[in-house]
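Working notes for the structure below.
The figures here come from the full heavy-atom set of this structure, side chains too, leaving out hydrogens, waters and symmetry mates. Remember, it's a predicted structure, so these values are computed and weren't measured experimentally.
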Amino acid sequence: MKYDFSPVNAAMQKYVDRQIIAGVSTAVLSGRELVHQSCTGWADRENQIAMREDHLFRVFSNTKLVTSIAVLLLMEDGKLRLDDAVEEYLPQLGKRQVLKPGATSLVDCEPARSRITIRQLLNHTSGLSYGLLDHGTLMYKAYNERRVLNAFQTLAEMIDVLEELPLSFHPGEAWEYSIATDVLARVIEVISGKPFDQFLQMRILNPLAMHDTSFVVPEHKIERLAAYYAGSDPENILQRGLRRLDKSPYPGAFVTPVARLSGGGGLVSSMSDMLALMRSLMPGGDTILRPETIALMMQNHLPAGTGIAFPGVGAVPGKGFGLGGAVTLQPSSIDPPASTGEFEWGGIAGTHWWISPRHNIAGVLMTQRLMSFWHPFSFDFKRLSYAALGLG
C-alpha cells in the first residue's frame with residue numbers, strides 16, 4: 001500500500017524554515033516495512049551540508065532503550081530478576097538514606113523503607129536523581145557538586161560517588177527521571193564480567209548489524225556526524241534562530257574516548273541502526289528478546305496512582321512507564337487518538353522513537369537541537385504519521 005507522508009515532510013520543512021531545527025531525518029515502519037523515509041534541511045548549516053540518511057546523531061537518552069534491552073537479555077539468561085535488589089550486585093547502593101520532606105541539608109534523612117530493585121531502576125522509581133532538570137533543588141546541587149555525571153570517571157567510580165548521596169524519595173513511591181540507567185550499565189558490567197560497550201557490541205549491536213552505533217565516532221566517520229545546535233533563546237523553544245554547539249556537553253564529546261560508558265546517554269547512532277532496533281522489537285522476524293519479554297517491556301510498571309512528571313513542566317498526562325520507555329495509557333490532546341499502548345522515549349538533542357504494539361507501527365525522528373524531546377515537531381511528526389497510515 002502506498003501512503004502519503006507529504007504532510008509530514010511539509011511540517012518538518014516549516015520547522016527548518018523557521019530555524020527551530022537545522023535539519024531532521026524521519027522514518028516510519030508499518031510492520032517491518034519501511035513506508036516513509038525523508039531528510040529535510042541541513043546536517044551542517046554553516047557549511048551547507050544537506051541532511052542525508054547516513055548522518056550520525058548524538059542520541060543521548062535513546063541510549064536508555066539499548067541499555068534496558070541489555071538488562072532484559074541478562075534476565076532471559078537467568079542472571080538476574082527484575083525484583084532483585086541492586087545491592088546484590090552493587091553493595092554500595094544498600095542501606096540507603098532518603099531525604100525527609102522539606103529537607104534543607106543532605107543529613108536531614110531517614111532510612112529507606114525498602115531496597116532499590118532492578119525494576120525500579122528500569123522504570124525510574126528508584127529514588128535516584130539526575131542533576132540535570134531540577135535546577136535549584138538540594139539534589140541538583142549535590143549531584144553537580146559531586147560531579148555524578150562526570151564523563152571522565154568510570155561507571156564503577158560513579159557508583160562510589162552515589163554511595164554517599166541520599167535518595168530523593170523512598171524506592172517505588174514516586175517517579176523521577178534519573179541516572180538509574182547508568183547504574184544499570186554498571187550492573188551489566190558486574191554480572192557479565194565485561195565492559196559495558198563490549199557487552200552491547202556482542203549481544204545487541206553485532207546481532208542487529210548496528211554498525212554505526214558506538215560511544216565514540218571513529219575518525220573515518222566523523223564527517224558524517226551532524227552538527228549540534230541550541231535555540232537562540234533557551235526560555236522560548238519556538239524562538240527563531242539557532243546557535244552551534246561545538247563543545248557540548250564537553251569538548252571532544254562523542255569523538256574522543258572517555259572513561260564513562262554512559263548507559264543513559266552515551267551513544268551515537270544512525271537512522272538505519274535505529275530502524276534495526278525498532279524492527280527487533282516488532283513481530284514478523286527475528287528478535288534478540290523473546291516476544292513475551294518485549295510485551296513485558298512495553299507494559300506500564302509504575303505503581304497505581306503514579307505518573308511521570310518533569311521539573312518545570314509538571315505532570316505528563318496519560319503516561320505510565322515501562323522497562324525503558326514511556327507508555328501511553330490515555331492519549332492526551334497532543335497525542336494521536338489511536339496511540340493508546342504506545343511505547344516511546346527520546347533524547348535531549350531531539351531524537352525520538354515510538355512503537356505502537358497495537359497497530360504494529362513505529363517511527364523515528366532524528367535531529368540535533370538541544371531541548372526537551374517532547375517538542376512540537378515531535379508531536380507533529382507522530383500525529384501526521386498516524387494520519388498518513390489511516391489511524392487518525
Side-chain angles (χ1 to χ4, degrees), residues 5 8-28 34 36-63 151 210-234 236-258 262 265-277 346-353 363-378 380-381:
F5 281 87
V8 171
N9 299 338
M12 296 303 102
Q13 186 66 56
K14 286 182 181 178
Y15 283 105
V16 171
D17 292 344
R18 291 165 56 193
Q19 299 180 40
I20 306 300
I21 51 177
V24 61
S25 180
T26 56
V28 175
L34 183 64
H36 162 74
Q37 186 164 15
S38 180
C39 294
T40 305
W42 307 102
D44 184 327
R45 293 175 72 238
E46 291 74 17
N47 293 300
Q48 297 285 281
I49 299 173
M51 184 68 75
R52 301 188 310 266
E53 293 176 359
D54 71 335
H55 269 109
L56 304 178
F57 300 82
R58 304 154 188 83
V59 298
F60 288 102
S61 286
N62 291 277
T63 305
M210 294 175 62
H211 301 311
D212 285 332
T213 302
S214 62
F215 288 97
V216 180
V217 179
E219 186 173 352
H220 69 279
K221 292 185 179 181
I222 287 178
E223 60 88 20
R224 291 170 52 197
L225 182 63
Y228 189 22
Y229 297 91
S232 58
D233 181 356
N236 181 2
I237 59 175
L238 292 178
Q239 177 66 42
R240 293 175 65 98
L242 295 166
R243 55 188 177 88
R244 187 168 176 140
L245 301 174
D246 284 326
K247 299 179 180 180
S248 181
Y250 52 86
F254 300 102
V255 296
T256 54
V258 292
S262 173
L267 289 175
V268 169
S269 193
S270 64
M271 178 59 80
S272 62
D273 280 13
M274 286 300 296
L275 289 172
L277 190 63
I348 199 169
T351 53
H352 184 199
W353 57 265
V364 180
L365 180 150
M366 305 188 81
T367 188
Q368 296 285 251
R369 205 279 202 181
L370 177 63
M371 63 193 156
S372 164
F373 69 87
W374 269 308
H375 189 282
F377 64 72
S378 292
D380 284 350
F381 166 60

Phe215 and Val268: CA distance, side-chain angles, deciding distance, side-chain contact (heavy atoms from CB on, under 4.5 Å) verdict: CA-CA 6 Å; Phe215 288 97; Val268 169; over 6 Å; no
Hydrogens and angles aside, do Asn236 and Asp233 bring a side-chain donor and acceptor to less than 3.5 Å of each other? no
I need the His55 NE2 to Gln368 CD distance, nearest 0.5 Å. 10.5 Å
Give the intermediate values and the outcome of side-chain contact (heavy atoms from CB on, under 4.5 Å) for residues Ile348 and Leu370. CA-CA 6 Å; Ile348 199 169; Leu370 177 63; 3.9 Å; yes
OG/Ser25 to CZ/Arg52 distance, rounded to the nearest 0.5 angstrom? 11.0 Å
Pairwise side-chain contact, Pro376 with Leu238, heavy-atom cut-off 4.5 Å (strictly under): yes
Would you sort out whether Thr367 and Tyr15 count as a side-chain contact (heavy atoms from CB on, under 4.5 Å), showing the intermediate values? CA-CA 11 Å; Thr367 188; Tyr15 283 105; over 6 Å; no
Do the side chain of Arg243 and the main chain of Gly231 share a donor and acceptor less than 3.5 angstrom apart? yes
Calculate, to the nearest 0.5 Å, the distance between atoms CE and CE belonging to Met51 and Met271 respectively. 9.5 Å
Find out whether Arg224 and Val217 are in side-chain contact, i.e. whether some heavy atom of one side chain is under 4.5 Å from a heavy atom of the other. no
For Gln48, I'd like to know if atom CD has over 12 heavy atoms of other residues, nucleotides or ligands within 6.0 Å. yes
For Tyr229 and Arg244 the tightest heavy-atom approach is CD2-CA, 3.7 Å
How close do Leu225 and Val255 get, counting heavy atoms only, and between which atoms? CD2-CG1, 3.9 Å
Correct closest heavy-atom pair for Tyr250 and Ala151 would be CE2-CB, 3.6 Å
With side chains defined as the heavy atoms from C-beta onward, is the minimum distance between His375 and Ile20 less than 4.5 Å? yes
pair Arg240-Gln19: side-chain heavy atoms closer than 4.5 Å: yes
Supply the atom-to-atom distance Met274 CE to Thr351 OG1, rounded to the nearest 0.5 angstrom. 7.0 Å
Check Ala22 against Val16 and note the closest heavy-atom contact, atom names and distance. O-CG1, 3.6 Å
Do you know the tightest heavy-atom contact between Glu46 and Asp44? N-OD1, 3.2 Å
Atom CE in Met371, atom CZ in Phe377: separation rounded to 0.5 Å? 3.0 Å
Taking the six-membered ring for Trp, are His36 and Phe381 parallel (under 30°), tilted (30 to 60°) or perpendicular (over 60°)? tilted
Test of understanding: with ring pair (Phe, Tyr, Trp, His ring centres under 6.0 Å), list the residues that count as partners of Phe60, not counting sequence neighbours. Tyr228, Phe254
Counting only N and O atoms by type, is there a donor-acceptor contact under 3.5 Å from the side chain of Asp273 to the main-chain atoms of Asp212? yes
Nearest 0.5 angstrom please: Lys221 NZ to Ser270 OG, how far? 7.5 Å
Can you see which heavy atom on Cys39 is nearest to which on Glu53, and at what distance? SG-N, 3.5 Å
